[in-house]
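Letters go in sequence order (proteins before strands), and every chain restarts at 1.
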Amino acid sequence: GAVVSQHPSWVICKSGTSVKIECRSLDFQATTMFWYRQFPKQSLMLMATSNEGSKATYEQGVEKDKFLINHASLTLSTLTVTSAHPEDSSFYICSAPVRTTSTDTQYFGPGTRLTVL
Amino acid sequence: GENVEQHPSTLSVQEGDSAVIKCTYSDSASNYFPWYKQELGKRPQLIIDIRSNVGEKKDQRIAVTLNKTAKHFSLHITETQPEDSAVYFCAASIGGGKLIFGQGTTLQVKP
């Protein structure tokens, strides 16, 4: 099956610093990847769609200047949380679709636990 | 906007019993409905999915049913085992490859 990796798996940073999270498709190419945020005991909330070679599209209420997304290659998307604050502490998960028959099956990365002190 | 409602939020069953989780979606254009199982601190794992041209799909102890007219779909787990304990999420496609997720159901299977 398709494999998606994320790095780092967890990170602790000080308030005001920036953190970069990488999402890689290991055995397939992904022109599109998705970034989600999941708070404890809550559902996955779609933040943005990462598009290879073009700008990301953000969901309503997500600050594009705070959550910078770069999709520089067909196997790598990065999410940078800029000027992180404690309220940004969350579980960030990426996913990449693999086309099967007429629709795409989403495969998720293992997630990155961000703690902002 | 589009949304997916999932019920119940928690479900406790005895080992060997069946478990049913129900979801309702709002976007009539949704045509793909996956179910994910998530264990604590781990990634969501796809366990079964169904597309809009099919009413039911089964994979061993897991089955999913879809009623497009009513915009309902359900997950059925039979002969539950303690290792089935996890959080289950339903999702619906909303175009552009995007998925919108239900609120999740915490399933506890008691030995």
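- Surrounding NE2 of B:H72 are more than 12 heavy atoms belonging to other residues, nucleotides or ligands, all under 6.0 Å away.
- One hydrophobic cluster, built from ILVMFWY side chains closer than 4.5 Å, cannot hold both B:Y36 and B:Y88; they sit in different ones.
- Within 6.0 Å of CD on B:E5 lie more than 12 heavy atoms contributed by other residues, nucleotides or ligands.
- Within the 3.5 Å criterion, the main-chain N or O of A:G111 finds no donor-acceptor partner in the side chain of B:R43.
- For A:Q60, no part lies near chain B; criterion is any non-hydrogen pair under 4.5 Å.
- In the hydrophobic clustering of ILVMFWY residues, with side-chain heavy atoms under 4.5 Å counting as a link, A:Y92 and A:Y36 come out apart.
- Contacts of A:E59 with chain B are made by side-chain atoms alone, with heavy-atom separations under 4.5 Å and no backbone atom involved.
- Heavy-atom minimum distance, B:Q38 versus A:F91: NE2-CE2, 4.1 Å.
- Residue A:P97 does not touch chain B at all, counting heavy-atom pairs closer than 4.5 Å.
- Atom CD1 of A:I93 is separated from atom NZ of B:K42 by 13.5 Å, given to the nearest 0.5 angstrom.
- Heavy-atom neighbours of B:K22 NZ from other residues, nucleotides or ligands within 6.0 Å: at or below the threshold of 12.
- Under the 4.5 Å side-chain heavy-atom criterion for grouping Ile, Leu, Val, Met, Phe, Trp and Tyr, A:L79 is connected to A:V11 within one hydrophobic cluster.
- In terms of hydrophobic clustering, with Ile, Leu, Val, Met, Phe, Trp and Tyr side chains grouped at heavy-atom distances under 4.5 Å, B:L99 and A:W35 are assigned to different clusters.
- Enclosure of atom CG in A:L117 by more than 12 non-hydrogen atoms of other residues, nucleotides or ligands within 6.0 angstrom is indicated.
- The hydrophobic cluster containing B:I94 also contains B:W35, counting ILVMFWY residues as joined when their side-chain heavy atoms lie under 4.5 angstrom apart, directly or transitively.
- At a threshold of 4.5 Å between non-hydrogen side-chain atoms, the residues B:F89 and A:Q38 count as touching.
- For B:P34, no part lies near chain A; criterion is any non-hydrogen pair under 4.5 Å.
- Interface residues of residues 41-50 of chain A toward chain B, defined by a heavy-atom distance below 4.5 Å and sorted by number: A:Q42, A:S43, A:L44, A:L46, A:T49.
- In this structure, the portions of A:F108 lying under 4.5 Å from any heavy atom of chain B include both its backbone and its side chain.
- Residue-level contacts of residues 100-111 of chain B with chain A, in order of numbering, are B:F101, B:G102, B:Q103; threshold 4.5 Å between heavy atoms.
- With a threshold of 4.5 angstrom between heavy atoms, B:L46 approaches chain A through side-chain atoms but not through N, CA, C or O.
- Counting non-hydrogen atoms of neighbouring residues, nucleotides and ligands closer than 6.0 angstrom, the CD atom of B:Q60 reaches no more than 12 such neighbours.
- Around NZ of B:K71, the count of heavy atoms belonging to other residues, nucleotides or ligands within 6.0 Å exceeds 12.
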